[in-house]
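The next block holds one structure in the form of structure tokens; read it before the comments.
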Amino acid sequence: ATLMKFNRFGGVEWSRTLGLASTSGNSVGISLSPNGVYFVANVTQSIGTPISAFVTGGVNVGVFHISSTGTLLLNTYFGNNTTDNRGYSIASFPNGDVAVAGDTLSGGFSSFSGATLKSYASTIAPYASFVMRLKSDGTALWVHYFGGSGSNTRSADRIAISSTNTIWTLGYDSTAY
């Protein structure tokens with residue numbers, strides 16, 4: 001994942017690469033924070049000292065906070081050792097918390113301890129969407145899983161936060177309701 005900061009005239013102020021180009025995964029979402037930017041990436045390896053450890057065996061959702069000068073402030077990972085989990089979008093709350101949207105092919109995160117799990121079903125189906133909220137220090141507050149069963153695929157692809165701190169998501173579902 002590579003993050004670049006440009007000034008208003010198009011000049012590059014700095015560039016930051018996290019991980020190796022061949023294994024670091026792809027960055028898919030970015031959001032401003034009070035002192036830099038947050039971004040979400042789908043990663044296959046860990047860097048730095050994460051808040052929540054990388055889970056080997058599949059793609060993890062990686063959340064990164066970078067200062068306005070390019071310093072890595074925090075990174076954390078959410079995954080499961082059976083298959084892939086993907087984050088697609090990230091949005092910031094005024095207090096610095098973030099919300100992340102994506103999907104899980106593995107029936108949930110094994111690395112989401114200490115947080116509230118919410119789901120419409122008693123078990124989390126493969127191919128389910130998720131929305132999660134993290135505190136500004138990178139610790140998990142809650143994750144909500146929804147959809148997915150059998151060949152039904154659901155994904156939360158975009159996320160936004162309103163001025164009243166309501167979370168909105170946009171995605172797709174392979175079954176019409």
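- Cluster annotation: Leu73 is not connected to Leu134 through the hydrophobic network of ILVMFWY side chains, with a link wherever side-chain heavy atoms come within less than 4.5 Å.
- Here the closest heavy-atom approach between residue Gly70 and residue Arg16 is recorded as O-NH1, 3.0 Å.
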_Evaluation steps, side chain to side chain contact (heavy atoms under 4.5 Å, CB included), between Val28 and Arg86_ = CA-CA 9 Å; Val28 291; Arg86 297 176 298 239; over 6 Å; no
*Could you walk me through whether Ile66 and Leu72 pass the side chain to side chain contact (heavy atoms under 4.5 Å, CB included) test, one step at a time?*
CA-CA 5 Å; Ile66 307 294; Leu72 177 64; 3.6 Å; yes
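- Residue Ala99 comes nearest to Ile161 through the heavy atom pair CB-CD1, 4.3 Å, listed as atom of the first residue, atom of the second, then distance.
- Looking at Ser92, its side chain does come within 3.5 Å of a backbone N or O of Leu32 through a donor-acceptor pair.
- Both tests hold for Arg133 against Phe93: distance to the six-membered ring centre under 6.0 Å, angle to the ring axis within 45°.
- Hydrophobic clustering (ILVMFWY, side-chain heavy atoms < 4.5 Å, transitive): Trp14 and Phe39 are in one cluster.
- Here the closest non-hydrogen pair linking His65 and Val37 is CD2-O, 3.1 Å.
- Between the side chains of Thr104 and Asn85, at least one donor N or O sits under 3.5 Å from an acceptor N or O.
- Distance alone, capped at 3.5 Å, is enough to place a donor-acceptor pair between the Asn7 side chain and the Phe9 backbone.
- Looking at every heavy atom in both residues, Asp157 comes nearest to Ser89 through O-CB, 3.3 Å.
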_Pair Ser68, Lys5 - check side chain to side chain contact (heavy atoms under 4.5 Å, CB included), show working._
CA-CA 8 Å; Ser68 60; Lys5 182 179 179 182; 4.0 Å; yes
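- Grouping the Ile, Leu, Val, Met, Phe, Trp and Tyr side chains by contacts below 4.5 angstrom, directly or via other members, places Val143 with Val98.
- The minimum heavy-atom distance linking Phe130 with Gly87 is given by the pair CZ-CA, 4.2 Å.
- Note on ring orientation: taking the six-membered ring where Trp is involved, the planes of Tyr77 and Phe64 are perpendicular (angle over 60°, cut-offs 30° and 60°).
- Counting heavy atoms from C-beta on, the side chains of Ile159 and Ile167 come closer than 4.5 Å.
- Here the side chains of Asn165 and Pro94 are in contact, with some heavy-atom distance below 4.5 Å.
- Atom CH2 of Trp168 is surrounded by 12 or fewer heavy atoms from other residues, nucleotides or ligands within 6.0 Å.
- Checked by atom type and distance alone, the side chain of Tyr38 pairs as donor or acceptor with a backbone atom of Gly96 at under 3.5 Å.
- Side-chain heavy atoms closer than 4.5 Å link hydrophobic residues (I, L, V, M, F, W, Y) into clusters, and following such links, even through other members, never connects Tyr88 to Ile30.
- Proximity of Asn95 to Ser136: side-chain heavy atoms (C-beta onward) are nowhere separated by under 4.5 Å.
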